[in-house]
Amino acid sequence: MNPRVLPLVALAFAALFAAPAAAQAPYPSRPIKLLVPIPPGGAPDTSARLVAQFLQETRGWSVVIENRTGANGNIAAAEATKAAPDGYTLLLGADSGITINPHVYGKLSFDPLKDLVPVTTIATNQFMLSVNPGVPASTFQEFIDYARKTKPPIPYASGGNGSQHQLMMEMLKQRAGIDLLHVPFRGAAPATQATVAGDTKVLFSGAASAPLILGGQLRALATSGKNRSKRFPDLPTIGEFYPGYAIDIWLGLFAPAHTPEPIVTALRDAVHKLMARADFAEKLNVSGSLEPLILSPADFNSLIREDYDKYGKIVRELGIKTD
């Protein structure tokens, strides 16, 4: 063989055997970026940090949390859809960003149902109708009566235009025949802070507000879900007063479309094992009054589709739209 050819042959063999080795490199081999669509303090942020902590402690995975706030979660979701589909950029999203925003925002640069892959559900809970302690109402019915006679309308806080908080309050306004003034914020945490400070008077607060309720900085009057809260069983559901009113929330982990199925499966299996742990469930509940939600891929897809259709109908009925 020509001596000048030997180096080329050696390189060819090296490439031949190196390719399978590279393809079989374990996942993950570098830090994972986990995008969170709200500021620190809300339920998605709390859940993301617990998932990151437990993945580090139990598997040695490095997960870096990045809060990408704004546009009711659309900024974080858009960044996730544009990332390389390699499992190293993920989104911990709330149901509203996936199933409500497409109906509310007319100019989305992405389609969450097509441009994101559902990896797994993370947690579930419901909202609490909470007021500043200065509001002269200690029960849900007292608040409704107070709102009906108060002029100008009581200001209510939400996590943003088109947010689930706004949607739920507008539904309540319609069912109860009351008028309230909408004051949007960039996320649930600043909306909650404004209500605690008295700048706004009422909001649908998320699970992360439980310490504020227990500490007397907010007064919870009712819950939004189908069933009473396990953390606050004495609170009535709004559906007990207005049948059919029922909204439970969920959080989920998403990857960019076309992420390889083995990576999606590895992520799902790792997170499911975390959620089955009693200590993870306890911390999730204590930190944010959240409960682990473990669904099969098929059931998660069905949940997304059902909520997408349900909220689309509600948005059309209420006429909520933003650019």
With no hydrogens and no angle check, is any side-chain donor or acceptor of Asp307 less than 3.5 Å from a backbone partner on Thr99?
no
Going by heavy atoms in the side chains, are Phe54 and Arg277 under 4.5 Å from each other?
yes
Please test Gln174 against Leu318 for side chain to side chain contact (heavy atoms under 4.5 Å, CB included), starting from the C-alpha separation and ending with a verdict.
CA-CA 8 Å; Gln174 184 185 66; Leu318 294 175; 3.7 Å; yes
Linking I/L/V/M/F/W/Y whenever any side-chain heavy atoms sit under 4.5 Å apart, do Leu50 and Leu274 land together?
yes
Considering all heavy atoms, the nearest Ala246-Lys226 contact:
CB-CG, 3.6 Å
Answer yes if the side chains of Gln53 and Glu57 hold a donor-acceptor pair under 3.5 Å, and no otherwise.
yes
Is it true that, when you exclude Lys310 itself, more than 12 heavy atoms of the residues, nucleotides or ligands shown sit nearer than 6.0 Å to its NZ?
yes
How long is the span from the CG atom in Asn101 to the CG atom in Asp95, to the nearest 0.5 Å?
10.0 Å
Run Gln141 and Ile144 through side chain to side chain contact (heavy atoms under 4.5 Å, CB included) and show every step you take.
CA-CA 5 Å; Gln141 193 57 57; Ile144 296 300; 4.0 Å; yes
Hey, could you give me the OG/CE distance between Ser209 and Met128, rounded to the nearest 0.5 Å?
4.0 Å
Of Val117, Leu92, Val119, Ile98, the one forming a side chain to side chain contact (heavy atoms under 4.5 Å, CB included) with Phe254 is Ile98
Non-hydrogen side-chain atoms of Leu116 and Leu91 separated by less than 4.5 Å:
yes
Least distance between heavy atoms, Pro118 atom then Asn301 atom
CG-OD1, 3.4 Å
Please answer whether the main-chain N or O of Pro39 pairs with a side-chain N or O of Thr69 as donor and acceptor at a distance below 3.5 Å.
no
For Ile213 and Ser205, the nearest pair of non-hydrogen atoms, with its separation, is CD1-OG, 4.3 Å
Side chain proximity check, Ile247 to Tyr311, heavy atoms < 4.5 angstrom
yes
Same apolar cluster: Val315 and Ile304, side chain cutoff 4.5 Å
no
Is any NZ, NE, NH1 or NH2 atom of the basic residue among Asp279 and Lys283 found under 4.0 Å from an Asp or Glu carboxylate oxygen of the other?
no
Contact between Pro102 and Asp111 at the side-chain level, heavy atoms closer than 4.5 Å - yes or no?
no
Donor + acceptor pair across side chains of Thr237, Thr223 (<3.5 Å):
no
Could you check if a side-chain atom of His165 sits within less than 4.5 angstrom of a side-chain atom of Met169, using non-hydrogen atoms only?
no
Kindly say whether Gly162 contributes a backbone atom to a donor-acceptor pair with the side chain of Gln166 at under 3.5 angstrom?
yes
Give me the ring orientation class for Tyr245 and Phe204: parallel if the planes are under 30° apart, tilted from 30 to 60°, perpendicular past 60°.
parallel
Do Leu35 and Leu108 land in one hydrophobic cluster if side-chain heavy atoms of ILVMFWY residues count as linked below 4.5 Å?
no
Pairwise distance CZ(Phe280) to CG(Leu55) - rounded to 0.5 angstrom:
8.5 Å
How many angstroms lie between atom CG of Asn161 and atom NZ of Lys321, to the nearest 0.5 angstrom?
13.5 Å
About how many Å separate CD of Gln126 and CZ of Arg231, when rounded to the nearest 0.5 Å?
13.0 Å
Go through the steps to decide whether Asp145 and Lys149 satisfy the test salt bridge (charged side-chain N to carboxylate O under 4.0 Å, His left out), and finish with yes or no.
CA-CA 7 Å; Asp145 293 340; Lys149 65 184 181 183; over 6 Å; no
Parallel, tilted or perpendicular for His182 and Tyr156, by the 30°/60° rule?
parallel
Indicate whether the side chain of Glu261 and that of Thr265 have a donor and an acceptor atom separated by less than 3.5 Å.
yes
Taking the side chain from Arg268 and the backbone from Ser296, do they hold a donor-acceptor pair closer than 3.5 Å?
no
N-O pairing of Asp309 and Arg305 below 4.0 Å
yes
Within the distance-only criterion (no hydrogens, no angle test), does the side chain of Tyr146 pair as donor or acceptor with the backbone N or O of Val135 below 3.5 angstrom?
no
Within the 4.5 Å heavy-atom criterion, are Arg68 and Pro37 side-chain neighbours or not?
no
Euclidean distance, Thr195 OG1 relative to Asn132 CG, rounded to 0.5 Å:
7.5 Å
Among Val131, Leu180, Thr200, which residue meets the side chain to side chain contact (heavy atoms under 4.5 Å, CB included) test with Ile154?
Leu180
Residues Pro112 and Gly97: closest non-hydrogen pair is CG-O, 4.1 Å
Heavy-atom pair with the smallest gap, counting every atom of Pro28 and Tyr88
CA-OH, 3.4 Å
Measure from the side-chain N and O atoms of Glu142 to the backbone N and O of Ser138, and report whether any donor-acceptor pair falls under 3.5 Å.
yes
May I ask whether Ile38 and Leu90 are part of the same hydrophobic cluster, defined by side-chain heavy atoms of I, L, V, M, F, W, Y residues being less than 4.5 angstrom apart, directly or through others?
yes
Step by step, would you call Leu221 with Arg219 a side chain to side chain contact (heavy atoms under 4.5 Å, CB included)?
CA-CA 6 Å; Leu221 304 178; Arg219 180 187 302 134; 3.9 Å; yes
Are Lys82 and Thr89 close enough that some pair of their side-chain heavy atoms sits under 4.5 Å apart?
no
Take the angle between the ring planes of Tyr308 and His103 and call it parallel below 30°, perpendicular above 60°, tilted in between.
tilted
Pair Gln164-Phe127, side chain to side chain contact (heavy atoms under 4.5 Å, CB included): steps then yes or no
CA-CA 10 Å; Gln164 200 164 21; Phe127 287 98; 3.7 Å; yes
Would you indicate whether the side-chain heavy atoms of Trp61 and Leu267 approach each other to under 4.5 Å?
yes
If I compare all heavy atoms of Ala281 with all of Pro292, which pair ends up nearest, and what's the gap?
CB-CG, 3.7 Å
Spell out, yes or no, whether Leu212 and Leu290 are grouped together once hydrophobic residues are joined by side-chain heavy atoms under 4.5 Å, including indirect joins.
no
